[in-house]
Structure formats: structure tokens, C-alpha cells
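In what follows, a structure is listed as C-alpha cells, so that the remarks can point back to it.
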There are 2 protein chains.
Amino acid sequence: MVKHMDVPEETMQRMLAYLRELDCLWNEGKEKFSSQSLAKALHMNPAQIRKDFSYFGEFGTRGVGYATKQLIQELRAILNLDRTWRLALIGVGNIGSALLRNPELKRQGFEIVLAFDKDPRRIGNKIGPLTVEDVVNVKRRIREEKVQLAIIATPVECAQETADKLIQADIKGFLCFAPCHLSIPDEIRIVPIDIPMALGKLVYHMEV
Amino acid sequence: MVKHMDVPEETMQRMLAYLRELDCLWNEGKEKFSSQSLAKALHMNPAQIRKDFSYFGEFGTRGVGYATKQLIQELRAILNLDRTWRLALIGVGNIGSALLRNPELKRQGFEIVLAFDKDPRRIGNKIGPLTVEDVVNVKRRIREEKVQLAIIATPVECAQETADKLIQADIKGFLCFAPCHLSIPDEIRIVPIDIPMALGKLVYHMEV
DNA sequence: TCTTGTGAAACGCTTCACAGCA
DNA sequence: TGCTGTGAAGCGTTTCACAAGA
């Protein structure tokens with residue numbers, strides 16, 4: 001199976017959207033689908049879907065379509081979503097604790113196994129099965145628990161230093177909720193979730 | 001000033017990133033910058049920045065660069081961020097209440113003025129200055145309060161019906177935290193924030 | 001000399017259109 | 001006949017390279 005090289009980033013993101021939609025179709029009992037039916041549901045061009053799939057292999061049957069269950073498995077494998085990922089969370093404020101309480105993440109294969117904060121009033125608190133630990137121990141604990149991914153949910157002021165600490169702990173990628181640019185080496189992957197920026201995208205298109 | 005027509009979506013998103021970075025530069029006391037210095041800070045090509053700006057006008061001085069404060073004002077006006085936007089929040093669970101408690105939003109010009117839920121145990125609760133209202137009154141209250149934008153923070157199961165209700169209430173755009181595709185008319189704008197999908201983007205690039 | 005603003009070239013993604021199969 | 005898989009065309013974005021101006 002082809003992977004990564006020469007696959008546009010846009011294709012990969014759509015693959016995630018296809019998988020999400022296919023999970024729905026499967027739950028609704030739809031055992032097969034065509035590029036046309038999926039395209040209609042997602043408001044897009046069927047050729048786009050076929051082209052996206054074609055980067056990774058041939059999954060359909062000409063004249064018939066695709067088998068939903070089989071495609072779900074293929075997509076999970078392609079996207080590395082056929083296993084459980086262990087995450088560290090840094091910053092147990094509003095957003096951080098919302099993530100800890102969110103059962104959807106575990107259902108999708110993402111388990112937060114470590115939670116850190118720098119505020120002494122939060123250290124030691126239990127949230128679900130986890131105890132909030134002191135952020136000074138990040139490096140040691142992440143290595144002990146063999147965690148590869150992290151979520152930065154600290155205030156902007158601490159985001160860069162947190163990222164630096166995580167990189168020292170050999171974290172290979174993180175999700176960042178702090179609305180600021182972080183300087184990190186090229187080989188580290190960062191996916192930002194910037195809520196004010198998302199609201200900015202929304203209002204740009206509003207007539208005033 | 002040119003606006004919207006012929007401006008690539010990518011350009012608009014980068015404009016938001018420029019503004020975010022310029023706010024930082026201004027706070028650090030940097031009164032001017034060049035496309036080169038900004039490009040270096042953001043890890044990008046300076047020609048890209050100049051081209052992006054050029055869609056909206058000429059903001060710099062040849063041989064000199066740009067004035068930080070002036071550019072911040074220009075960008076705010078271009079992006080419709082030179083005013084306060086009033087929002088309704090639907091779903092006061094983990095994520096919803098984290099948003100209500102997040103002071104960053106108001107600082108950036110986004111004020112949540114209405115909060116709704118369908119769970120009787122949450123209706124009537126006070127969070128900060130707001131009281132959680134019954135979602136059955138969404139339409140009336142949104143019109144009374146003249147709110148144009150909404151945040152959907154409900155579970156996936158209620159997301160589509162919530163969107164339908166909001167559209168009936170003449171909401172023109174929304175941010176959606178529910179990780180699912182929503183069917184909405186073309187003229188309504190939706191910006192999704194899908195946390196499991198963001199984690200998916202992250203792990204695709206991990207070697208296993 | 002330095003940096004902006006911008007046509008034009010280069011590049012990459014999307015869409016088309018049709019051959020290949022069931 | 002119906003739908004997939006795909007080379008090639010079409011199209012939009014990025015980057016280059018340089019004229020213009022401080």
C-alpha cells in the first residue's frame with residue numbers, strides 16, 4: 001500500500017472526512033456505497049473521491065461500488081487509526097479538563113494517559129482515572145509512559161516553553177490549543193486548533 | 001478597499017495568522033516589520049506575504065517595510081475584526097462550558113450572549129454572567145438578542161437538528177464542534193472544529 | 001541600497017472524459 | 001448498462017524575478 005509520499009495533504013484530510021461519514025453510513029446499515037452517493041452526502045465531486053482513493057490502491061468494484069465495512073478498515077489502516085494512541089495533556093484549565101472528560105476521544109482511539117499543570121492548586125486533583133501531575137516532571141513521566149503525542153492546552157504565555165519541554169521529551173507531534181505561532185523543528189508535527197482564528201474565518205464572510 | 005471577490009480562501013486564513021503575529025510583535029514593542037522578517041517568524045516565503053497583502057491594497061513603503069500598528073488596523077478592518085460579535089452557544093457540556101469560561105474570546109471581540117441546553121439539569125444554571133436557557137426558545141431569543149452567529153457544542157446526535165433550528169432563527173454562520181458532517185444551505189457558512197479529526201491529521205504523519 | 005508590489009512562470013490540485021470491467 | 005480507476009486538461013495558488021520607489 002502506498003503511503004505518504006506524493007499524497008496531497010488535502011487528500012489525507014478528506015480521507016478522514018470519508019472515514020467519519022462511512023462510520024455513519026455503516027451505523028445506518030448501508031453496506032455499500034458509490035463515489036456518487038458519498039459525494040452527494042458530502043457535497044462534493046465524485047471524481048475527487050475516486051482520485052483520493054486511487055492514491056492508496058483500488059478498493060472498489062467497477063459497475064458496483066465499494067463495500068462500506070471493507071473501506072472503513074482500509075481507511076483506518078491508511079490513516080494509522082487502527083490502533084490506540086496514548087497522549088499527554090499539558091494544561092488542565094477549561095479546555096484541558098473538557099478534553100479529559102470527553103469520552104469521544106477514547107472511542108476514536110485517543111487515550112489521554114498523562115495530565116500536567118503548573119498550578120499547585122490543580123496538581124494532585126483527580127479527573128476521571130487520572131491524577132494531575134506537576135509539569136516539572138513532564139520529561140521523565142512521558143518517557144516512562146512511552147507517550148509519543150501531546151496536547152498543549154496551556155495559556156499562550158506558556159505554550160512555547162511547554163512545546164520546548166515536550167520536544168526534549170521526544171514527543172513527535174502535538175495538538176495545540178494556544179492561539180499563537182510556535183517555533184519548532186521541521187521534523188516535529190504540530191496541528192493547531194485556534195478557536196479565535198476559527199471565529200475569524202466565520203466573520204470574514206459575514207456582510208456587516 | 002477590495003474585499004472577498006477573487007481573494008483565495010488560503011489568503012484570508014493567512015491574513016488571520018499575520019494579524020495574530022503582528023499583535024505579538026506590537027506587544028514586544030516592534031513598531032515596524034518587513035515581509036522578510038514576518039516570513040522568517042512564521043516560517044514562510046516573503047513573496048507570499050506581499051502577494052496576500054496586495055489583494056487588499058498597498059500598505060507598505062518601498063525600501064522601508066510596514067508600520068506594525070497601522071497594519072494591525074488595516075487587517076482588523078479587512079477581516080471584520082474591528083467590532084464585537086455577539087454569539088449564541090448551544091450545548092453547555094464540557095466544551096460549551098469551557099468556551100463560556102474562556103476570557104480570550106471576549107478579548108478577541110467574540111462575546112457569547114446566549115447559552116442554551118436541552119438537559120433540564122443544566123437549564124437555569126448560571127455560568128459567569130449568563131444563565132443557561134432552554135433550547136426550545138432558541139429561535140425567539142436569538143431574534144430578540146439580534147445574534148448572527150452561533151457555536152454548536154452539542155453531542156453529534158443533536159447537531160443536525162440544532163443547525164436546522166439555528167437556520168430557522170436566521171443565524172448566518174456557525175462554528176461546530178460536533179465531529180460530523182452537517183447538511184446546510186449554501187448561503188450559510190460553517191466552520192468545523194473537529195478534535196478527533198485534528199488528532200487524525202497528527203497521527204497520519206507518525207511512523208508507527 | 002533596500003524593500004515593496006506585481007506580471008509571468010512554475011507548480012500542484014481538481015475536474016473531465018473515457019477506457020476497463022463487472 | 002453502471003461505476004471504477006486514471007491520464008490529461010483545466011484551473012487556481014505559490015514562487016520567481018524585477019521594475020519602481022524610498
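Here the structure is a predicted model, which is why all the values come from computation and not from measurement. Here is the naming used below: chain letters follow the sequence lines, and residue numbers restart at 1 for every chain.
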* Looking only at side-chain N and O atoms, does Tyr66(B) come under 4.0 Å of OP1 or OP2 in dG5(C)? -> yes
* Asked: Phe53(B) CZ to dT3(C) P: how many Å, rounded?
  -> 15 Å
* Using atom CD of Gln48(B) as one end and atom P of dT6(C) as the other, report the distance to the nearest whole Å. => 16 Å
* Asked: Do Leu166(A) and Phe174(A) touch side chain to side chain, with heavy atoms closer than 4.5 Å?
  -> yes
* Asked: Taking atom P of dT3(C) as reference, at what distance in whole Å does atom CG of Leu71(B) sit?
  -> 16 Å
* **Nearest listed nucleotide, side chain of Tyr55(A), among dG5(D), dT14(C), dT6(C)** => dT14(C)
* Measure from CZ on Arg50(B) to C1' on dT15(D) and round the result to the nearest Å. => 10 Å
* Between P of dA8(C) and NZ of Lys51(B), the distance in whole Å -> 11 Å
* Any side-chain heavy atom of Val113(A) within less than 4.5 Å of one from Leu87(A)? -> no
* Asked: Rounded to the Å, how far apart are Asp52(A) CG and dT15(C) P?
  -> 10 Å
* Asked: Does a donor on one side chain sit under 3.5 Å from an acceptor on the other, for Asp164(A) and Gln168(A)?
  -> no
* To do: Might you point out which heavy atoms bring Ile127(B) and Ser97(B) nearest each other, and give the distance in Å?
  => CD1-CB, 4.1 Å
* When the nearest nucleotide of DNA chain D is assigned to Glu9(B) and to Val64(B) on a heavy-atom basis, which residue is associated with the more 5' position? -> Glu9(B)
* To do: Look at the side chain of Pro8(A) and decide which nucleotide, out of dG5(C), dG5(D), dC13(C), has an atom nearest to it.
  => dC13(C)
* Can a donor-acceptor pair be found between the side chains of Asp52(A) and Tyr18(A) at a distance below 3.5 Å? -> yes
* Atom-pair distance (CZ on Phe56(B); P on dT4(C)), nearest Å -> 18 Å
* Can you tell me if the side-chain N/O atoms of Arg14(B) get under 4.0 Å from OP1 or OP2 in dT13(D)? -> no
* **Pair Asp23(B) + Arg76(B): basic N to acidic O under 4.0 Å** => yes
* Any idea which of dT14(D), dA17(D), dG5(D) is nearest the Glu58(A) side chain? -> dG5(D)
* To do: Could you tell me whether the side chain of Arg62(B) has a donor or acceptor atom within less than 3.5 Å of a complementary atom in the base of dT3(C)?
  => no
* **Those residues of residues 26-46 of chain A lying under 4.0 Å from DNA chain C by at least one heavy atom** => Asn45(A)
Anything under 3.5 Å between a donor and an acceptor, one on a side chain of residues 187-197 of chain B, the other on a protein residue two or more places apart or in another chain? List them.
unit_1, atom_1, unit_2, atom_2, d
Arg189(B), NE, Lys201(A), O, 3.3
Arg189(B), NH2, Glu9(B), OE2, 2.9
Asp194(B), OD1, Met197(B), N, 2.9
Asp194(B), OD2, Arg20(A), NH1, 2.5

* To do: Round to the nearest Å and state the distance from Met12(B) atom CE to dT13(D) atom C1'.
  => 15 Å
